[in-house]
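See below for the structure under consideration.
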Amino acid sequence: MNTFVKRHIRSMHGVIRILYVICLLTFIFATPAQAAGVNTSSPTGTAAGENSNSKDTSDVGLNGNIGPFQFNLDTGSENGGLASTLQILVVLTLISLAPSILIMVTSFTRILIVLHFVRSALGTQTTPPNQILIGLALFLTFFIMSPVFTQINNEAIKPLSSGEITQEEAFTAGVAPLREFMLKQIKNPKDLKLFMDIAEIKVDSMDKIPTTVIIPAFIISELRIAFIIGFVIYIPFIVIDMVVASTLMSMGMMMLPPTTISMPFKILLFILADGWGLIIGSLVKTFF
């Protein structure tokens, strides 16, 4: 018990020493600031102190002192530095949002969902892996969207780089091909009507529909079309599963999982029918 008490007393002594060192350092750093504020040796010390305090108060804003430390805040307003900083911030924000924009307003969504349906229908679980499916969907997206990207480059990026148009004009010219592509792919007018009713917007022509309405309508339309294609893909593979399951039941092999037996037959059917070429070819044609 005495040993336990002695250990606690020693630990308390250590804490007291640390607090003493912190107080000493605080006093040392605070002393120069106090000495700079009041000059007791001068007969006009009070006036000098007031002038010093008023000077410190006037400097609080862009420049200031915190103890021995000094800080300066320069907005660069004289050289247009703040505007340049905001432009850089906007560019970095657009770069960070570029993957989302590529996924949402292009053919990437439909392609990737259909490829995942194909893998699920085959029952191969992680084959092909996600990296292969995403890479294939990405290159198919570049292939399908190449006319749109070329039009954006010719009508927006090149004129902006040469200084022929402003940034606002370049944005309008660059969004126009994407709007045309998305409106063409929205097969069901109910998708547009849904978001126009939510936003309480009424327009006379398709050109006046806001882009903020077109993008979510396009995404919903892509999901619907992808799920319809996935359903069609599933049908022949479900037939194979049913035939294999009924065969195993008739043979009395109820303990054997039907999916284990049907997967080789589904892969064989997929190879004989040239499944990848048939699915990808038909999928690409849905965009034209």
Side-chain angles (χ1 to χ4, degrees), residues 90-91 93-118 133-162 164-234 278-288:
V90 171
V91 171
T93 304
L94 292 177
I95 292 174
S96 63
L97 294 177
S100 300
I101 296 173
L102 178 64
I103 291 173
M104 293 294 104
V105 301
T106 60
S107 59
F108 184 86
T109 302
R110 185 191 306 182
I111 295 171
L112 186 61
I113 292 176
V114 170
L115 293 179
H116 275 282
F117 271 121
V118 173
L133 294 183
I134 293 174
L136 179 59
L138 190 62
F139 281 103
L140 289 176
T141 300
F142 288 147
F143 174 76
I144 294 170
M145 300 296 296
S146 59
V148 178
F149 292 157
T150 302
Q151 186 177 357
I152 293 174
N153 184 41
N154 294 333
E155 297 180 2
I157 297 177
K158 286 184 178 179
L160 179 63
S161 301
S162 60
E164 299 176 1
I165 59 177
T166 62
Q167 294 181 356
E168 291 78 8
E169 294 174 345
F171 178 78
T172 303
V175 171
L178 287 176
R179 285 173 52 91
E180 182 180 356
F181 171 80
M182 289 187 287
L183 288 173
K184 182 180 178 181
Q185 298 304 320
I186 298 176
K187 306 299 183 180
N188 194 346
K190 291 183 179 179
D191 298 330
L192 282 173
K193 188 176 183 303
L194 171 64
F195 290 97
M196 291 178 64
D197 292 340
I198 294 174
E200 298 180 354
I201 296 174
K202 294 182 180 180
V203 295
D204 300 332
S205 62
M206 301 291 287
D207 296 335
K208 296 181 180 180
I209 299 177
T211 307
T212 55
V213 172
I214 296 176
I215 292 177
F218 170 75
I219 295 172
I220 290 179
S221 176
E222 289 293 287
L223 291 175
R224 179 185 294 108
I225 295 173
F227 273 72
I228 293 173
I229 296 174
F231 172 77
V232 175
I233 291 173
Y234 254 99
L278 182 63
I279 290 175
I280 292 177
S282 302
L283 182 60
V284 171
K285 290 179 182 179
T286 60
F287 291 96
F288 297 101

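FYI, the numbering just counts along the sequence from 1. None of these values were measured; they are calculated from a predicted model.
The line from NZ of Lys208 to CE of Met206 is 13.5 Å long, rounded to the nearest 0.5 Å. A distance of 8.0 Å separates CG in Leu160 from OG in Ser162, rounded to the nearest 0.5 Å. Within the model, atoms CD of Glu155 and OG1 of Thr150 stand 10.5 Å from one another, a figure rounded to the nearest 0.5 Å. Taking CG of Leu223 as the start and CD1 of Ile113 as the end, the distance is 4.5 Å to the nearest 0.5 Å. Atom CD of Glu164 is separated from atom NZ of Lys158 by 11.0 Å, given to the nearest 0.5 angstrom. Here the CG atom belonging to Leu183 is positioned 6.0 Å from the CD1 atom belonging to Ile209, to the nearest 0.5 angstrom.
A side-chain donor-acceptor contact under 3.5 Å links Thr109 to the backbone of Ile103. When atom types are taken as modelled, the side chain of Thr141 and the backbone of Ala137 share a donor-acceptor pair closer than 3.5 angstrom.
Checked against the 6.0 Å centroid threshold, Phe231 and Phe117 do not count as a close aromatic pair.
For the side-chain contact (heavy atoms from CB on, under 4.5 Å) with Ser221, the qualifying choice from Asp191, Asn188, Leu192 is Asp191, the only one to do so. The side-chain contact (heavy atoms from CB on, under 4.5 Å) test with Met182 singles out one residue from Ile214, Thr106, Ile219, and that residue is Ile214.
Applying the side chain to side chain contact (heavy atoms under 4.5 Å, CB included) criterion to Gln185, with sequence neighbours excluded, gives Arg110, Phe181, Lys187, Phe218, Glu222, Phe287. Residues meeting the side chain to side chain contact (heavy atoms under 4.5 Å, CB included) test with Glu168, sequence neighbours left out: Thr166.
Residues Ile152 and Pro177 share a closest heavy-atom pair of CG1-CG, 3.8 Å. Contact detail for Ala156 and Ala170: the closest heavy-atom pair is CB-O, 3.4 Å. Of all the heavy atoms in Val284 and Phe143, the pair that sits closest is CG1-CE2, 3.9 Å.
Sorted by first and then second residue, the salt bridge (Lys or Arg N to Asp or Glu O under 4.0 Å) pairs with a member in residues 192-201 read Lys193-Asp197; sequence neighbours excluded.
Annotation for Gln151: atom CD counts as buried by contact number, over 12 foreign heavy atoms lying within 6.0 Å.
Side-chain contact between Met145 and Leu178 is present, with heavy atoms from C-beta onward closer than 4.5 Å. Here the side chains of Leu283 and Ile229 are in contact, with some heavy-atom distance below 4.5 Å. Side-chain contact between Phe195 and Thr212 is absent, with no heavy-atom pair separated by less than 4.5 Å.
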